[in-house]
Amino acid sequence: MNSHVQSALKTAFQLAEPSLVGPLLTRLRAEVRPLLGRGEELPGRLVEAVVASGDRELCAALVGNSRPGVCDTATLLRVAALGDPGLGREVYRRGHVEAEPGVQAAVLAAADPADPGWYAPGGLVEMLLGEEGKSMLGPALKGPFPEVVAHAVRLHVSNLPLPVVLDACESLLAHGGPAALAELADTLDRPGHPGLLALLHEAAAAPDPAALLRSHRAPGEWTDLAAVSVLLRIRGDMGRDAGGDMGRMPVHVPLDWELVRREHERRPFRTGKLMALSKWPDCPDDLLLEIFRGNPQWSAQNAARLPVEVLLGTEARVGNERFDVDALIRRGVSEGWLPLDRVLAEAAPARKVLAALEYDHEPTRKAVAELVAPLGDDPTAWLTLYKRLRRFQGSATELVAKVCASAAARRVTAWPDPLGPGEPGKENPEGARRIFLELFGCATEETQLALVPHLDMRAVQHLFALGKPSPRVCAEIVAVHGTELAAHASRVVLVQDVIDGLLDRDDPLINAQLFEDYRLGQQERVRILAGVGRGGGVVPVHDGLIGSLRNLHLSSDRDWLMAGITSGDTKVLDVVLDRLRLYTEAGRLRLVIALWERQGPDAVREFLTPARFRHNKRSWPARTQRAVLDALDAPEGLKGLRERLAAEEDPARVVALLRNVRNTDEPAVYADRIRRIVAEGTELPWDGLIRAHAEDPLPTALLRALVDMYDCPRSLLLACLAEGHLTSDEWWVGSALGRGSLPSGDLVQCAHPASAVVAYPSNRYVRLDARVWTQALAEARKLAREHLGSNVEAWAVALRLLPEFHGTVPELIATAGAVAG
């Protein structure tokens, strides 16, 4: 089925009035059927209509839909309640796949054993009789088919507790009579329970067989079918050693752990099968420890939780097998089943525990802040902790206590083994350094300020790069350790708050280093190259930045260098003119005006010599040279240049400049011209472009280039939408929808063809929040109500016209309404 038609069908059921859904399903049955089982997301009202119809073929297709949430447990239960033999087999199998024994039980509860359909070739009875060693038979132990019950008991009698076996035998009696029970007793080779065979023979001959069986059944044990199915799933399906496929374990089913323990004693679970039980959040600690001893690595990664004891004493070092204690601590603390206070107080060694914590986890930060609080703002205590951390074998709490109890004479007074700053971006903190940095980040700001003078250069660099220091702490670091170190530290990846704090210092060296940070905005680069401080005043451009400008890769960082055309600093302009060609008269004039305003006409005359004009003749055509030289000789030359710049930026002139691209219909050529104009400081005259398009439509290729601009106005977006066919290659449409420049209702009203519009929201490349489409659905629903109403034939016509229809959605719906009368 065409993907556009699929999308249209789903949309139709979203738009139609509730009362129309059923008739629409009947009318479009042939079209809907392929859609149901394709693993597609479906409208809830369509699913509801399919189940309500009771249509066996449609329900079977729906049950086969593997998309999560489409055919949920509630839907499966409703289909099961239909009691249809053909559907029953598929629903029963789906219930097994989804680990929902209640669904399988519902199929059996609705089944009429007198209906031969259940016994048909390939039917449910044949499927269950062919099962060997599968937990699919669990719900069938109480089913209405005696041959299936007997088969399940023979196969799994040793896997099941005695009460479950006796319940199954009672069900066998109810549907097959004493003869069936006697036959089971005669064919049961391995009963698995002492005295079971004798009991079955006795019951088969007793006046009241069921009463006899019930008298031997322990009351209240294993009465929950779901728990029995879980047990059989673990006994029968789990792999021998590796725990099998745990993805579908129904951990929502409550288990009686005392009964589970007794089953483990009666017939011990092998390690692989026992591990399945560790998925339950309330699995008892004694079983978890047994599982952990059997397979530490698997348990640490996959158990729903583990007791704290696995981190204490020798439990974490079972045999010679190593496992990731760090990951275990992170999991346990973040998921809440490892109490952090006990981990800090009892787990050891401290360096291993502290290194494993996630410090972005707020409860963890709070607990660590309480841990280090006794150290106060005493630098010697912190330095002593740092030095002892490497070899201390006790817990984190014990380490802090020992440091606090140390006599002043035994405390460390200077940073142990100090290091200078490492190579930017290459040196990440490891071991005790990283732990110290994390502990520092959890301390109070007053403590951090007290420690700053005692940090070595490497610690300062790491603190800037990864420690997220507050503006006050940043200022203290720069004051104590100097601007050069702060600038060096700024070469690594910093958080935005730290970048802002460093920029606020208006230091030339720091500005030079931060200029190359990719997160710096273009306006900040313009400001830095212009030599203007964040707080006003002049901040000279550092010589190191001039060297960086000469080494920029123009293929990727051209705009960074272009930020210097309004600098007014001759060192910056030297590099700009040596490395860049200025394409627009406005850009050239802007450079001259900035230099004149900052340094006066003499500086312009000295800088823009005839020799430089000749050297940069691509940037300085003859008319520009004459304009500059004439202005230098005029009494109000600067004013004249400003007037000339204003004329160059007149909207009509800019529009003409954009239009004047000959012999091309390639948007990339127009986009290149737009980029040059904007990069050299001229803002696009959107109002002028809108007027120009209304008077004489802009070339389609120019429109395609303009809509890629972030601030392109809605009217031009709509114009471009109306010009071309909507396809998944139109990336600008998704971008404009995402940022709200183009309301999704406009897509419904203006875009074409209609089939592409209907399919657009489900396109795999278009990942937009569902709320974006609210207006589009409202608009489409209004159109459908107006033109199609409750006329089922009109809806069918619209869907059949859709694949070949070239117009918009409103045109399609109006045409369908007219055709259907």
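Quick note: residue numbers are just sequence positions, from 1. Quick caveat: nothing in here was measured; it's all calculated off a predicted structure.
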Begin from the C-alpha positions of Arg534 and Asp506 and carry the test salt bridge (charged side-chain N to carboxylate O under 4.0 Å, His left out) through to its verdict. CA-CA 6 Å; Arg534 269 193 162 191; Asp506 282 336; over 6 Å; no
Just do the salt bridge (charged side-chain N to carboxylate O under 4.0 Å, His left out) check on Arg675 and Asp672 with the steps written out, would you? CA-CA 5 Å; Arg675 185 189 62 77; Asp672 187 55; 3.4 Å; yes
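The backbone N or O of Ile593 sits nowhere less than 3.5 Å from a side-chain atom of Arg642 that would complete a donor-acceptor pair. Judged purely by atom type and a 3.5 angstrom limit, Arg588 has no side-chain atom pairing as donor or acceptor with the backbone of Thr624. Between the side chain of Glu680 and the backbone N or O of Tyr583, at least one donor-acceptor pair lies under 3.5 Å. Of the possible polar contacts, one joining the Arg781 side chain to the Gln14 backbone as a donor-acceptor pair under 3.5 Å is found. Side chain of Gln625 to backbone of Trp620: a donor-acceptor contact under 3.5 angstrom is found.
For the pair Arg704 and Tyr670, the cation-pi test (distance below 6.0 Å, angle within 45°) is failed.
For CD of Glu683, the number of neighbouring non-hydrogen atoms (other residues, nucleotides, ligands) closer than 6.0 Å is 12 at most. Shown here is Glu41, whose CD atom has no more than 12 heavy atoms of other residues, nucleotides or ligands within 6.0 Å.
Taking CG of Leu503 as the start and CZ of Arg527 as the end, the distance is 6.0 Å to the nearest 0.5 Å. For the atom pair OG1 of Thr727 and OH of Tyr760, the computed distance is 8.0 Å after rounding to the nearest 0.5 Å. Taken from CD1 in Ile565 to OG1 in Thr584, the straight-line distance is 7.0 Å, to the nearest 0.5 Å. Here the straight-line distance linking atom CE of Met562 with atom CG of Leu552 works out to 12.0 Å at 0.5 Å rounding.
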